[in-house]
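All heavy atoms count here, side chains included; hydrogens, waters and symmetry mates do not.
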Amino acid sequence: MKRHRICIVGGGASGLACARVLASDDYNCEPTIFEQNPFICGQWHYDPDGISETTAVYKDLRTNLPCSVMQFSDFPFPNNEPESYISCKEVEEYLIAYAEKHQLFKYMVLNAKVDSIDETFTVTYTVRIDTKNEISKRPYQNLLKKNEYYVVYSEQFDAICVANGHYSEMYIPDDISGLHSQTFPIYHSRSYREADHYRDKCVIVVGASQSGVDICGELAPVAKQVILSMKEENQKDFEHVLNQLRQSGKQLCTDYLSTTFSIVPPIERIDKDTVYFKNQTSVKPDLIIFATGYEYRMPFLQGKLQVDQNRLLKNHYVYPLYKHLFHADFPDGTLSFLAIPYRIVPFPLAEIQSHIVARVLCGKILLPSRDDMLYQIDHSLLQHNRRYHYINMINYTENLFEMMNETIVTGANEGIGKVTARELVRKGWHVIIASRNKEKAQHAINTIRQEINMPDAPIDFIQLDLSSLTSIRKFVDDFHQRQLPLHLLINNAGIFSSEFRLSEIGEEIQFTTNHLGHFLLTNLLLDDLQASIPSHIVIVSSHSHLHVSNIEYDDQKRNQPFPTSSIGKLRAGYQCYCQSKLANVMKCTELVHRLGPESKVYCNILHPGVIKTSIWRNNKWSERLIRPFMRSIDNGAMTTLFVATHPDIEQNNIRGAYFIPSKILPPPYCRPAIAEMNPVANDRQQYQQLWELSQRLTKLNKTI
C-alpha cells in the first residue's frame, strides 16, 4: 500500500491533530505541516503586540469550555482540575507538549507561507530566512527562487488538508451608513489585547459574541463608558455567553449596568464623530471595537481546488463541502478542510475529522460520487449565509460517526475486550459491544466515553449470549436491522471454568462459548464482512491451544463430566479450555482456506498473553500461582489492536497467522510477532472435520 504524502496547511490545534492521526501506525501516512509563523499553536499563541495575523487571543482570555472537554482523547491537560477554565497560555503550553509527545515537530516547516496549490497538488511556498530558523533540505522540494530574505520552493503531494483556521480575516459589516467617514479609530476584536489600553475611554463594542461580551466585561471596570451594540434576536446568545463567562470566573459586564456599561440596538449610521443607534440615541465614542467574527479565506487554492468564490465572499460560507469536510469535486477525499464549523469543541472534533480523512485516503471509507455529494449539499436545510457552518456539535459528530468503520467486539464489557473497544473508538471506529449483561455493557460504554473524553462516542450495545444459538441469531437479526456495514469482527469473549456445565445445546459450556458461538456468529456475519472489504476477522485464542494434541470428536467423550476432586476439576476444566482454544485456531485456518488467497477478508488469530482479567474469577488458586507473570489488561489488548488495525496486515497480505506479544521488547512497546501454531492446525483433514462438527452442532444450513 502506498504511503500517502499529505500537505497540512496550518500548524494550529487542528493541523497538529491531523499530523498526529495521519502519522500513526493505523494509517502510515507522511504528513507535512506548513506554518507561516515561527511558532505553532495558531490562534492560541498570545502575541502582546498584535502583530501576528493568525492569533486573536488576548491577555486575560479564558477558555469558554472546561479543559476536560477541550482536551485531545489521548492527552489530558496536566495539573488542571477537569472542570477548570484555563488561560490561553496554558492552552499554548498544552499544544506544544502534545506536539513534543507525539514527535510532530519533525513534520513541520515553520516560517513557511503557502503561496499556491495547483490542481496537481503542487504546493509553492515561501520560507523566510531567519537566523533562528534553519532551513533543512527536503527530499521532494524544488528550489524556485532564493535571495537573502526568503527562499521559494515547490513540492508535490498526494493530498491536501486545509487547517489554516478562520481567525485571521476580520469581518466588519459594510452596511453601516457613514462607516468610513468617522473621525475616531475603528478596530476589530482581533487586535484587542488588554483593557488598560482603553482606560478612561468611551468604547462601543459591536457584537454579542463570546469575545465581544468578554471584552465588555474586561473594559467596564476601567473605561469611562462601555456600550454593547447588539441585535435583539441575539439576546439568547448573549445570556448563554454570560453563563459561560460566569462559570469560567470572568468579570461580567452586566455587573456594571448601573454605572459604566449599557446595551443598545444596532448602529443606524455614523456621522463623523457621532454614532446613532436604531433607538434614536447617539454617542460620541473614542473608538469602536467590532467583535463581529471572521471570514473564511483560502487564497492559495488554485483552479479546480478553489471553493465557490461568490458564496465565500457574498454569503460567507465554504461551498461545496460534503459534511463540512470534503471538497465535493474530489470524491477520493484528497482535498479536505478541518474545523470549518464553529460553535464547536475544536480539539476533539479535529481528531474525529482527521481520522475520517485518513480512513478515506487509505481506502477504508468510500465517499459518495461527486454528484451524490453535491445533491446532499444542495438539498440540505442549512441557511445559505454566515450561519451555514453554525452547527449542533452533537448532531454533527453523530453524522460523522455514520461514516466510520463498524466493528463488533464480543465480550467487550470488561477486560481486554473493553480496552480494545475503547482504543478502537479513540481511533475513530464505531464499536458495537456484544455481551450478555446489559447493565455491565452500559457501564463499560459510559466509562469508555469518560476515559476518552467523548461523551457522544460512537459505541453501542446489542445483547449476545454466545452459549445460546437463539441469542446469536437474534443478535445478527438486530444488527441487520440497523443496516450498517461491518468492517471488523473481533471474537474476543471467552470463559475458563473448572466447574462442569452443559449449554442449552448439550455441549460443554467452554467449547460452546469459546468456539461454537463464535463459529456461528462469524458465519452469519460473513456476507456483511465480504460486502465491506477490506475487512477483518480477529480471533482471540490462547497459548493454551498448544497444550492439547487434538479435538475430541466423540460427542459423549467430549461432554463427559469432570472428576469431583479439586485437582481433577481444574485439570479437566483446563483441558476443555485448551480444546476450545485449539478449535479457535483450526476455525481460523479453515476459514482462510475457504475464503481463498485473493479474498479481502483477512482472518488472523492471536494470543494476548497471560492477562489479569476476570477469566480467572473461578480459578483463584491458578491465578495466585501465575499472577507475577501476568500482563496488564491494557498491554494485553495491544496484540488485538495490532492485528485488527495495523496496515501491515493488508499491505503484506497476512492471513491465517498466529500472533503473540513480543518477547524482545517489554510492555508497552511490544510489536507482536508471528509464532508457530499447534501442528494439528496444519492438518486439513482435521480442521475440515472440526468445521463439519461445528456446522452440525450449531445447526448451520450452509457456510462459505
Side-chain angles (χ1 to χ4, degrees), residues 410-411 414-416 435-437 465-469 471-472 491-520 539-587 605 607-631 636 677-681 683 686-687 689-699:
T410 64
E414 58 186 356
I416 295 174
S435 65
R436 285 180 302 172
N437 192 307
D465 181 353
L466 285 164
S467 69
S468 167
L469 304 187
S471 175
I472 295 167
N491 293 179
N492 169 81
I495 60 171
F496 172 30
S497 177
S498 57
E499 296 295 328
F500 179 75
R501 185 158 57 96
L502 294 177
S503 66
E504 66 175 31
I505 62 171
E507 283 291 318
E508 193 273 328
I509 194 68
Q510 294 180 95
F511 190 72
T512 304
T513 303
N514 298 352
H515 168 62
L516 294 176
H518 281 128
F519 174 87
L520 178 60
I539 302 170
V540 180
S541 181
S542 168
H543 179 76
S544 302
H545 87 278
L546 296 167
H547 299 167
V548 286
S549 59
N550 209 337
I551 302 293
E552 178 54 71
Y553 293 103
D554 185 282
D555 292 352
Q556 187 173 353
K557 291 181 180 179
R558 189 174 58 254
N559 297 299
Q560 189 171 349
F562 297 171
T564 56
S565 68
S566 297
I567 295 296
K569 284 182 180 180
L570 180 62
R571 185 180 293 117
Y574 183 66
Q575 191 75 7
C576 287
Y577 175 78
C578 296
Q579 182 175 238
S580 71
K581 291 301 170 180
L582 176 59
N584 291 159
V585 175
M586 295 171 71
K587 179 190 81 172
I605 196 160
H607 165 55
V610 182
I611 313 299
K612 302 172 185 176
T613 68
S614 62
I615 198 170
W616 303 100
R617 65 164 65 96
N618 296 320
N619 300 278
K620 300 294 184 183
W621 186 75
S622 301
E623 182 190 18
R624 284 196 296 270
L625 285 176
I626 60 177
R627 176 169 285 276
F629 309 101
M630 288 182 174
R631 292 171 177 259
M677 304 181 202
N678 191 314
V680 74
D683 186 336
Q686 290 284 346
Y687 51 74
Q689 188 176 355
L690 174 64
W691 190 279
E692 291 165 2
L693 172 67
S694 305
Q695 188 173 349
R696 171 173 65 84
L697 293 175
T698 57
K699 299 179 174 58

Arg558 and Leu693: side chain to side chain contact (heavy atoms under 4.5 Å, CB included), yes or no, with the steps? CA-CA 12 Å; Arg558 189 174 58 254; Leu693 172 67; 3.8 Å; yes
Would you check, one step at a time, whether the test side chain to side chain contact (heavy atoms under 4.5 Å, CB included) holds for Glu508 with Phe562? CA-CA 10 Å; Glu508 193 273 328; Phe562 297 171; 4.1 Å; yes
With side chain to side chain contact (heavy atoms under 4.5 Å, CB included) as the test, would you mind laying out the steps for Ser542 and Tyr577 before giving the verdict? CA-CA 9 Å; Ser542 168; Tyr577 175 78; 3.8 Å; yes
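Under the side chain to side chain contact (heavy atoms under 4.5 Å, CB included) criterion, Gln689 pairs with Tyr553, Gln686, sequence neighbours left out. Judged as a ring-ring contact (aromatic ring centres under 6.0 Å, His included), and not counting sequence neighbours, the contacts of His545 are Tyr658. Remark: Arg571 pairs with no residue by the salt bridge (Lys or Arg N to Asp or Glu O under 4.0 Å) rule, at least two apart or across chains. Judged as a side chain to side chain contact (heavy atoms under 4.5 Å, CB included), and not counting sequence neighbours, the contacts of Ile509 are Ser467, Ile495, Arg501, Ser503, Thr513. Listed by chain and number, the residues in a side chain to side chain contact (heavy atoms under 4.5 Å, CB included) with Glu504 are Ser468, Leu469, Thr470 (sequence neighbours excluded). Lys557 pairs by the side chain to side chain contact (heavy atoms under 4.5 Å, CB included) definition with Glu552, Asp554, not counting sequence neighbours. Applying the ring-ring contact (aromatic ring centres under 6.0 Å, His included) rule to Tyr687 yields no partners; only residues at least two apart in sequence or on another chain are considered. Every side chain to side chain donor-acceptor pair (under 3.5 Å) that Asn559 has, sequence neighbours left out, goes to Glu507. Here Asp683 pairs with nothing under the salt bridge (Lys or Arg N to Asp or Glu O under 4.0 Å) rule; sequence neighbours left out. For Ser541, the side chain to side chain donor-acceptor pair (under 3.5 Å) test picks out no residue, with sequence neighbours left out. Annotation: side chain to side chain donor-acceptor pair (under 3.5 Å) contacts of Ser471 (sequence neighbours excluded): none. Partners of Thr410 by side chain to side chain donor-acceptor pair (under 3.5 Å), not counting sequence neighbours, listed by chain and number: His518.
His543 and His607 have tilted rings, their planes meeting at an angle from 30° to 60° on a 0 to 90° scale. Note: Tyr574 and His547 have tilted aromatic rings, judged against thresholds of 30 and 60 degrees for the angle between ring planes.
Within the 3.5 Å criterion, the main-chain N or O of Val540 finds a donor-acceptor partner in the side chain of Lys581.
Taking the side chain as every heavy atom from C-beta outward, Leu582 and Val680 approach each other to under 4.5 Å. The shortest distance between side-chain heavy atoms of Ile472 and Thr698 does not fall below 4.5 Å.
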